[in-house]
Amino acid sequence: MSSVPPPALDFATSAINQSLSSSQKIGLFTLMVRIRRFEQAALKYYNAGKMGGFLHLYIGQEAVAVGTISLAGPNDHFITAYRDHGHALAVGMGMNECMAEMFGKQSGCSKGKGGSMHFFAPDKNFWGGHGIVAGQTPLGLGLAFGLKYLEREGCCLCYLGDGAVNQGTFHESLNLSGLFEIPVVFVIENNGYSMGTSQERSSAYSGCLAQRAEAYGIEWDVIDGSDVYEVRAKTHIAMERARKQHKPTLLEIDTYRYYGHSVADANAKKYRTPEEIENYKQNHDPITLLRRRLITDGLLTEASADAIHLAAAEEAAAAVKFADESPIPTLADISTDVYWESDHQTPASKIGRHFFND
Amino acid sequence: MSSVPPPALDFATSAINQSLSSSQKIGLFTLMVRIRRFEQAALKYYNAGKMGGFLHLYIGQEAVAVGTISLAGPNDHFITAYRDHGHALAVGMGMNECMAEMFGKQSGCSKGKGGSMHFFAPDKNFWGGHGIVAGQTPLGLGLAFGLKYLEREGCCLCYLGDGAVNQGTFHESLNLSGLFEIPVVFVIENNGYSMGTSQERSSAYSGCLAQRAEAYGIEWDVIDGSDVYEVRAKTHIAMERARKQHKPTLLEIDTYRYYGHSVADANAKKYRTPEEIENYKQNHDPITLLRRRLITDGLLTEASADAIHLAAAEEAAAAVKFADESPIPTLADISTDVYWESDHQTPASKIGRHFFND
Amino acid sequence: MSRTLTYRAALREGLDEELARDPNVVLFGEEVAQYNGAYKVTEGLWKKWGSKRVFDTPISEAGFIGMGIGASMLGVRPVMELMFWSFHSVAFDQLVNNAACVRYMSGGLCHCPIVVRGPANGGTGVGATHSHIPEALFAAFPGLKVCAPATPADAKGLIKAAIRDNDPVYVMENTLLYGNSGEVPDLEIGDHIVPLGMADIKRQGTDVSLIAHGRSVIQCLAAAEILQAEHGIHCEVLDLRSIRPLDQDAILNTVRKTHRVVLVDESKPFGGVSAMVGMLIQEHAFDSLDAPIKRVCSIDAPAIYSPHIEHEQLPNPKRIVAKVLTLA
Amino acid sequence: MSRTLTYRAALREGLDEELARDPNVVLFGEEVAQYNGAYKVTEGLWKKWGSKRVFDTPISEAGFIGMGIGASMLGVRPVMELMFWSFHSVAFDQLVNNAACVRYMSGGLCHCPIVVRGPANGGTGVGATHSHIPEALFAAFPGLKVCAPATPADAKGLIKAAIRDNDPVYVMENTLLYGNSGEVPDLEIGDHIVPLGMADIKRQGTDVSLIAHGRSVIQCLAAAEILQAEHGIHCEVLDLRSIRPLDQDAILNTVRKTHRVVLVDESKPFGGVSAMVGMLIQEHAFDSLDAPIKRVCSIDAPAIYSPHIEHEQLPNPKRIVAKVLTLA
Ligand SMILES: Cc1ncc(C[n+]2csc(CCOP(=O)(O)OP(=O)(O)O)c2C)c(N)n1
Ligand SMILES: Cc1ncc(C[n+]2csc(CCOP(=O)(O)OP(=O)(O)O)c2C)c(N)n1
Ligand SMILES: [Mg+2]
Ligand SMILES: [Mg+2]
């Protein structure tokens, strides 16, 4: 949740942002718009009964995934929690396989086996999509450990929520990252709430959550997540520290979600005041802010911005069609992807009973 | 491990220590001596094959348990890890039931079911003796929660090692204690090593371990554990904060163990230099330091101090005899103390099968 | 003498009555208070009982369950919600070591009267990590008790028995049953308690015994209807209700009556409550069996998300009917 | 063609060979490097391979096992020691969710070639929390593989198979076997690998099948000697070696040969590998059985400390002999 006053510094002028071409800047905007439009379509079809389970919308937080992932080099990797649609599109996954995943179809990115919380694209350095709160934090540490072990100059960005900081594994991961000098950047996407519980009611802290890094001798920073330039400028420093010095960082990016915890959250307007939600939408919406800026800077016009929205909406609609028309998994599909050896029909897979269906 | 220079402050002059009578001061000394003599006897009979499992000696750390527990009021409670003999005697458990427990006898404090790592005396507000590293930390939090819930003015002292700080549950417990304002005092007994791993090799930190409390808005302090007066003076502040304000504290008490991690630790002299061990024994031994002081202050003579040692050694020898002569558990004893309802032969215990021995 | 309540409301009534009876009963967990519970089981209880008796915790299952265990040793009686029982995985040490062993390791000096409750089931499209079926996992640990109500009346009766029990009791509810309605005894008749360890014949029959617990009982009842209507097979349906203690007598009695058994269990097939029940039957009623004991479990893979196929992975009437027919 | 090695040395040789074979194999855990391992299994490997390949971790089992899982997805092949398998309780989520489910939830896009190894047994006087027997616990999770060698040769062969396997394999060793000696094939014959999923008849017999794994195999062999010498009963001893995959054919073959079965399992009796094996036997060899399947498990209580009685809680030759005699 943003309690940060409007930025005093103009992060657009920082080197990492000045190096952006016009089309790259428009690309950031386009990506944020695509994420939002994708999720608006998902919401519509979730409500129409096309999906199972939960739908955790990222709407309002787009600048975090887009800003951070826009900094990715070939050896940078990403892993997040269940609120994963933004990161998925930001790493370059297609709307089709993402939408189809939520529709539970064979053509889904995880063949309909993972659902909304479990998008994966290892070919794009994206390692999920994880449902157990903070359970992904040691995995992110491990991906970064792997990079160092394999002597690749890169880092892992590992996202978690403000509620997730109170899981013990996260602290174990912090300590290990500091101790072993692991090139991981932990990113707390602080939207102010873990389900219906505000930061004040779930965390003991003085100042901010990122400060927890300090006693581990780990660098930390707090970022206004409504400003994609600030996100990029500060995250870039952390990523370089990881890549070049093998030093971890803990970033806290203040942001906000407009919808409930998940679409099933009937209380979304009870534990937050309408004013609070409205204030964020009016004054901190990352898409609105960037749009305004790009228009001011002459990179977009009202019309071209609207066209980007329209194209994204059309892309999302096409993804819905793709998902809807894709085949559903078969009974046999339930039993694949359990063991690598079995899927590859290796000699090892032929010895002994692996499955105990009677 | 003590890297603290000799105390600049004289904690004997602090109010909580000035309030001690001469016999109370001699009592502190006597208790430390009794702990040491008890363990020396235990070591001898462990090596003679009278015990099973592990034997984690507390020798060198006595001032921590004795100093902190000497501050106990009727509603103060204690819980620790497996290195629990010092705390057990300090709360007032007898050498007999403690020695018998290690001998695996029916007359042991836990009927021979727990062993060296699992001494308990709830009647003396002592809740164990726990073997899973840091697993006791949420229990200590819970005892303190219980005190507050039951509206008793007291606190819980929850001890853990310097290696235990890297278990996630400890951090969850810290956060909960700060958030809910729980009257718990976490005491890190920092003896510099977790098994063969030094603090530097297991923890990322800047300054000290206790500083991890800071980001939770929790008070913390570092204490020289060789000086029982300093231990008392600083722990008293934390206990009062807990009792009166329901605020937690994290204390780090620097100390040292003379023996290996457990008696089975064949490497005890490999990961630490002989000089390091000898330096502590010569310059920081809590018993030697207190003896010297009490003699200087005219409360003890060399002879009376020696007599205390002798009496403690005799008491320990008697405990060995008691333990040796006590009956061993029967086969039937294996099956009691599993369920409260079964042990009490309640109506509930008669319904359905509880035990599945064939 | 009875009213219709949902399973959810019946649980809530049981919790509310126990909060009223004993001031040491305290309810906590994630979102149980101000949010009224992720599945609304605890709705209204925070408002009624206040923040001392009903409160929210951070997402620190090991921490807050351990806290409850510690408090229980002092005489507090915590009833803790796991939003999903699947989250046991992050609190496992507290659940199987501290809760299950503290009495034993202290030679009976400590005890641990806690209840941990929440939904434990598949079938809601939340994927592998959120769909674990841990009844047998915990029943394997001596020192623990486990139950799994299938109906509103049993839900109320078992939660009350669990809270009064002086040992740790893990109550496995079911998201897909919360909305089900059923008869629950009237308040005037006094405390409605279903003792742990007592199974219940939910349907009489003579040809085959279907033995199950939790939602699988409902699936068995549906299958029994089909089997009777379409195949003239009369199934007896035994609801275990409690897993540990276990009503072995009731199990053996139904087997001795029908001589044929199908065990239905949402667990994955390696292990599960059904493997244990099967083992007991073959040991104690070997000569009463006319055919091997059969099982219907979840298909042996992590839980699939796809709502198009998830229900096929679980025991369902179709799969139960097919299995019973293999015995005929 | 063979030498005598201890179980410990055989494991170490297997680890050393795999470290040499594949530069992506990396060993870590508490005290495995500079301290040479709490039980000295990894002795000398840090010195030989250096801190990149063999290193110590803090006491953060969830953290470092999760780290290994994450690294394995990138192609690193971590072999992680749990100082005791009992400490699984603090890493359970990583072990049963991330390791077991990541392949499935990603539709096969990720895989997790990790090994977790360490001792998993009672009998060493370390009390309830340190004496868990988790073979069945983990074998219950599809996606995981579990094995438990009983001899030095199997220890070497299985650890090598585990490291080469592309799925997560949990190797359950035994503190009380580390010092046992046995024949291990010579190095000249090439890689000695014991495939997962292949049981081994450790003693031929005709009257009763004793089926076990881990140290219980040794107990069965001792019991078989007594039964032959004192009662003229010829027991066949089948060592499962691997729990998942499980050699069902070998199990059914021995049952069809002897018609009588005693399952021996250090697990507590509610569940355990033996409950599952028993269930499979009664299902697939129902007509071959002349008597109910019997089990010898640990006495159903948390593990007692007292060295005077602890061995009585576990399966031992005396208890096995007595159980076999009930079948006669
Ligand atoms: C271990 C665990 N406990 C509880 C949950 C249920 N749960 C899912 S998300 C969530 C809130 C997390 O909040 P936060 O970390 O702030 O992330 P956000 O949803 O705001 O993105 C909870 C309690 C879970 N999935 N895993
Ligand atoms: C969860 C867990 N992991 C590992 C162990 C094994 N172990 C027991 S004590 C110990 C070292 C603990 O060191 P520290 O916390 O500094 O306490 P000290 O022994 O120095 O008192 C280890 C690794 C354990 N008992 N529990
Ligand atoms: Mg949040
Ligand atoms: Mg230490």
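Chain A is the first sequence line, chain B the second, and so forth, proteins listed ahead of strands; every chain is numbered from 1.
- Shown here for Leu141(A) and Gly63(D), the closest heavy-atom pair between the two residues is CD2-O, 4.2 Å.
- For Ser106(D), the parts lying near chain A are the backbone and the side chain together; criterion is any non-hydrogen pair under 4.5 Å.
- Looking only at heavy-atom pairs under 4.5 Å with chain A, the residue among Leu196(D), Asp93(D), Leu280(D) that has the most is Asp93(D).
- Taking non-hydrogen atoms and a 4.5 Å limit, the residue list of residues 114-125 of chain A in contact with chain D, ordered by number, reads Gly114(A), His118(A), Phe120(A), Pro122(A).
- No side-chain heavy atom of Asp358(A) sits less than 4.5 Å from a side-chain heavy atom of Met279(D).
- Both the backbone and the side chain of Ile69(D) come within less than 4.5 Å of a heavy atom of chain A.
- Looking at heavy atoms from C-beta onward, Thr169(A) lies in side-chain contact with Gln94(D) at the 4.5 angstrom threshold.
- Between the side chain of Tyr339(A) and the backbone N or O of Gly143(D), at least one donor-acceptor pair lies under 3.5 Å.
- The shortest side-chain heavy-atom distance between Asn24(D) and Tyr149(A) falls under the 4.5 Å cut-off.
- Comment: Asp249(D) does not engage Arg353(A) in a salt bridge, judged by the lack of any side-chain N to carboxylate O separation of less than 4.0 angstrom.
- Between Pro138(A) and Ile65(D), every side-chain heavy-atom pair lies at or beyond the 4.5 Å cut-off.
- Atoms CG and CG, on Leu139(A) and Leu74(D) in that order, are 11.0 Å from each other to the nearest 0.5 Å.
- With a threshold of 4.5 angstrom between heavy atoms, Phe180(A) approaches chain D through side-chain atoms but not through N, CA, C or O.
- The side-chain heavy atoms of Leu150(A) and Val76(D), taken from C-beta on, include a pair separated by under 4.5 Å.
- With a 4.5 angstrom heavy-atom cutoff, Leu176(A) touches chain D only via side-chain atoms.
- The distance between the ring centers of Phe145(A) and Phe55(D) falls below 6.0 angstrom.
- When heavy atoms are compared at a cutoff of 4.5 Å, Pro78(D) does not approach chain A at all.
- Ranking His344(A), Lys111(A), His354(A) against chain D, the residue ahead of the rest is His354(A), based on heavy-atom pairs under 4.5 Å.
- Contact detail for Arg103(D) and Asp337(A): the closest heavy-atom pair is CG-O, 3.1 Å.
- Only the backbone of Cys109(A) comes within less than 4.5 Å of a heavy atom in chain D; its side chain stays farther off.
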His111(D) and Asp343(A): side chain to side chain contact (heavy atoms under 4.5 Å, CB included), yes or no, with the steps? CA-CA 11 Å; His111(D) 74 132; Asp343(A) 293 338; over 6 Å; no
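- Ranked by heavy-atom pairs shorter than 4.5 Å toward chain A, the options Arg53(D), Met198(D), Arg244(D), Gln248(D) are led by Arg244(D).
- Contact check for Trp340(A) versus Asp165(D): no side-chain heavy atoms found under the 4.5 Å cut-off.
- Proximity to chain A (any heavy atom under 4.5 Å) is restricted, for Glu61(D), to the backbone atoms N, CA, C and O.
- Closest of all the heavy-atom pairs between Pro58(D) and Asn175(A) is CG-ND2, 3.9 Å.
- The choice from Asp247(D), Val26(D), Ile59(D) that makes the most heavy-atom pairs within less than 4.5 Å of chain A is Val26(D).
- The backbone N or O of Asn166(D) lies less than 3.5 Å from a partner atom in the side chain of Glu341(A), making a donor-acceptor pair.
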Give the C-alpha distance, both sets of side-chain angles, the deciding distance and a yes or no for side chain to side chain contact (heavy atoms under 4.5 Å, CB included) between Met276(D) and Phe356(A). CA-CA 10 Å; Met276(D) 185 61 197; Phe356(A) 292 84; 3.7 Å; yes
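- Interface remark: Leu179(A) contributes side-chain atoms only to the contact with chain D (heavy atom separation under 4.5 Å).
- Taking the charged nitrogens against the carboxylate oxygens, Glu151(A) and Lys52(D) do have a contact shorter than 4.0 Å, which makes a salt bridge.
- When side chains are defined from C-beta on, Ile334(A) counts as touching Tyr104(D), because their heavy atoms get closer than 4.5 Å.
- With a 4.5 Å cut-off on side-chain heavy atoms, Asn98(D) and His130(A) count as touching.
- If you measure heavy-atom distances from Thr336(A) to chain D, the contacts under 4.5 Å come from the backbone alone.
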